[in-house]
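Worksheet: one structure, shown below.
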Amino acid sequence: MLELKFVRNNPDAVRDALVKRNMGTEHLDRLIGLDKEWRQCLVEGDRLKQTRNRVTQEVARLKKEKKDAAAQIDEMRSINARIKEIDDRIRDIESGMQEILLNIPNIPSSTTPVGRDENDNPVIRVVGEPRKFGFPVKPHWEIAENLDIIDFQRAAKISGQGFAVYKGMGAKLERALISFMLDVHDRQGYVEVFPPVLMTEKAMIGTGQLPKFKEDMYACTDGFYLAPTAEVPVTNLYMDEYLEKLPVFHTAYTACFRREAGKHGQDTRGIIRQHQFNKVELVKFVRPETSYDELEKLTKDAEEILQLLKIPYRVISLCTGDLGFSAAKTYDIEAWVPAQGKYREISSCSNFESFQARRANIRYRTPEGPQFVHTLNGSGLAVGRTVVAVLENYQREDGSVEIPEVLRPYLHGATEIR
RNA sequence: GCCGAGGUACUCUAACGGUAAGGGACUGGUCUCGAAAACCAGCGGUCGCAAGGCCUUAGGAGUUCAAGUCUCCUCCUCGGCGCCA
């Protein structure tokens with residue numbers, strides 16, 4: 001969320017941001033109008049309240065002196081009625097402004113490339129070289145079903161489309177990847193946490209999933225939402241707190257839940273797009289002046305997983321038209337998927353600046369007073385998509401799959417799946 | 001789920017129904033060679049160029065001229081009991 005004062009004082013900057021994101025500006029115009037009316041109401045209401053406070057004091061004084069205060073009490077009745085009217089109007093305006101503010105996206109960083117859509121995302125670097133296969137490559141779902149390590153049929157029976165049951169070496173591989181990723185990030189200095197995934201509405205608002213993206217979330221009874229990413233529980237750990245020592249780095253494994261509304265027909269086969277998937281996340285809370293350096297480091301920390309697994313990938317910078325709602329700058333890491341002959345997103349690393357911290361009220365102290373921290377996060381990595389990358393990049397002609405060396409200690413030394 | 005006790009600002013802690021007092025921590029200043037102590041000041045939000053004002057006692061509704069205080073509802077925390085993997 002942007003600060004109302006910021007919008008009031010920099011309407012052109014906000015307008016510019018909306019235009020670069022290909023979004024309309026009519027809500028912004030409405031907000032500016034409401035703000036003006038709001039301040040007018042405040043002035044009138046405050047003046048009446050000042051009168052009320054003064055008269056009320058008189059009443060107290062008169063009563064103490066055992067004098068009659070009927071005239072003053074009578075005067076108050078009409079003033080109170082008018083105050084109520086104005087207060088009601090102020091409340092309406094405030095909820096209107098709040099709703100608009102919650103739906104205005106973050107201002108893109110000046111280093112975020114300007115562009116219309118995903119076709120305008122510049123490639124920052126390409127690492128590793130796609131392997132040359134001397135045989136026709138199979139898509140991961142074919143490899144997995146042939147090896148009997150992922151069961152889509154039975155998953156559909158118990159949960160419907162968009163789910164997978166991992167079995168045998170498939171289940172072990174998923175578990176090995178989670179442990180491997182957490183161990184690497186632990187070594188990189190991230191403190192592991194293992195949080196709940198049932199979230200309150202307030203937490204979902206804190207990181208920006210609500211109110212704008214309600215359709216993409218699973219809502220439970222009792223007012224809970226299923227976290228779509230560990231970003232939600234981990235960032236909100238420090239909701240309404242002062243962080244006494246910065247920076248704070250966390251890594252967390254959680255299951256993630258996404259409705260993928262409006263994504264019918266995309267990646268319907270395989271495990272690239274699932275309603276429930278596993279992810280290891282990286283989250284940072286830092287001082288504003290360091291947040292862009294920290295974004296570079298966080299991205300490299302996520303990349304290290306792919307380097308260790310020896311999977312080719314590239315890093316792109318999301319342009320303004322493709323940038324997520326809460327982010328000021330985002331790097332996507334895309335892993336090479338041989339059967340598709342292209343790079344596919346496996347991690348998204350973002351700097352939110354103070355956008356989430358303002359919503360979730362996460363601050364630190366400075367000599368000039370409380371300041372909002374900057375929050376960052378990135379996948380390190382999406383586990384299911386890493387399984388895709390491993391199966392496809394390490395497949396052999398006979399249908400078996402070699403296990404990357406770094407994972408073997410997590411699989412009792414096994415070297416292949418067959 | 002039941003019973004009880006609570007929720008005041010970063011923290012702790014006051015306030016006959018009369019308009020939020022104070023300590024600690026923190027920041028700045030005086031003093032000092034320097035530090036500590038002591039003393040002074042600041043230390044919730046918001047409107048305003050300012051003077052100044054308004055709001056703020058977990059959240060909401062009500063009673064009242066006036067609510068931290070009285071009534072009702074909700075939430076959360078801490079005990080105890082029950083149930084449960």
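Labels below follow one simple rule: chain letters A, B, ... track the order of the sequence lines, proteins then strands, and each chain is numbered from 1. What you see is a predicted model, and the numbers here were worked out from it, not measured in a lab.
Distance, A:Asn80 CG to B:rC65 P: 9 Å, rounded to whole Å. Protein atom CG of A:Asp240 is 14 Å distant from nucleotide atom C1' of B:rG7, rounded to whole Å. Note: NZ (A:Lys202) to C1' (B:rA58) measures 10 Å, nearest angstrom. Taking atom CD1 of A:Ile79 as the reference point, atom P of B:rA66 lies 11 Å away to the nearest angstrom. Protein atom CG of A:Asn361 is 13 Å distant from nucleotide atom P of B:rA9, rounded to whole Å. Separating the OH atom of A:Tyr364 from the P atom of B:rU27 is a distance of 15 Å, rounded to the nearest angstrom. B:rA67 atom P lies 12 Å from atom CD of A:Gln57, rounded to whole Å. Here B:rG18 presents its C1' atom at 13 Å from CZ of A:Arg61, a figure rounded to the nearest Å.
Judged by Watson-Crick or G-U wobble contacts below 3.5 Å, the nucleotide B:rG22 has B:rC12 as its partner. Under the Watson-Crick and G-U wobble criteria, each requiring two contacts below 3.5 Å, nucleotide B:rC39 is paired to B:rG29. With both pairing distances under 3.5 Å, B:rG68 is matched to nothing as a Watson-Crick or G-U wobble pair. The partner of B:rC2, taking Watson-Crick or G-U wobble pairs whose two distances both stay under 3.5 Å, is B:rG80. Judged by Watson-Crick or G-U wobble contacts below 3.5 Å, the nucleotide B:rU63 has no partner. Pairing for B:rG48 is absent, with no Watson-Crick or G-U wobble pair whose two atom distances lie under 3.5 Å.
At the heavy-atom level, A:Asp74 lies nowhere under 4.0 Å from the strands shown.
Between A:Tyr253 and A:Phe194, the ring-plane angle classifies as parallel under the 30° and 60° cut-offs. Below 30°, between 30° and 60°, or above 60°: for A:His250 and A:Tyr238 the angle between ring planes is below 30°, a parallel geometry.
B:rU77 and B:rG24 are spaced 32 Å apart, taking the P atom of each and rounding to whole Å. For the P atoms, the distance linking B:rG62 with B:rU13 amounts to 32 Å, nearest Å. With both ends at atom C1', the span from B:rC83 to B:rA58 equals 29 Å, rounded to whole Å. B:rU57 and B:rG44 are spaced 15 Å apart, taking the P atom of each and rounding to whole Å. The C1' atoms of B:rC43 and B:rU56 are separated by 16 Å, rounded to the nearest whole Å. The C1' atoms of B:rG17 and B:rC3 are separated by 31 Å, rounded to the nearest whole Å. Nucleotides B:rU63 and B:rC49 are separated by 42 Å at their C1' atoms, to the nearest Å. Taking the P atoms as reference points, B:rG68 lies 15 Å from B:rU8, given to the whole Å.
Of the charged side-chain nitrogens involved, none lies within less than 4.0 Å of a carboxylate oxygen, so that A:Arg91 and A:Asp87 do not count as a salt-bridged pair. Between A:Asp216 and A:Arg258 there is no salt bridge, since no side-chain N of the basic residue sits under 4.0 Å from a carboxylate O of the acidic one.
For A:Glu85, the side-chain contact (heavy atoms from CB on, under 4.5 Å) partners at least two apart in sequence or on another chain are A:Arg82. Checked against side-chain contact (heavy atoms from CB on, under 4.5 Å), A:Ala360 has the following partners two or more places apart in sequence or in another chain: A:Asn236, A:Ile362. Remark: A:Leu308 pairs with A:Phe180, A:Val184, A:Arg187, A:Glu304, A:Val406 by the side-chain contact (heavy atoms from CB on, under 4.5 Å) rule, at least two apart or across chains. The side chain to side chain donor-acceptor pair (under 3.5 Å) test applied to A:Trp141 returns no partner, not counting sequence neighbours.
With hydrogens and angles ignored, the 3.5 Å screen pairs no side-chain donor or acceptor of A:Asp322 with any backbone N or O of A:Cys319.
Aromatic pair A:Tyr364/A:Phe285: centroids not less than 6.0 angstrom apart.
If you run side chain to side chain donor-acceptor pair (under 3.5 Å) between A:His140 and each of A:Arg385, A:Gln395, A:Glu392, only A:Glu392 comes through.
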Summarise protein proximity over nucleotides 43-56 of chain B in one line of letters, 5' to 3': B for base, S for sugar-phosphate only, - for none, counting protein heavy atoms closer than 4.0 Å. ----SS----BSS-

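Interface residues of residues 89-104 of chain A facing RNA chain B, ordered by number: none; criterion, heavy-atom separation under 4.0 Å.
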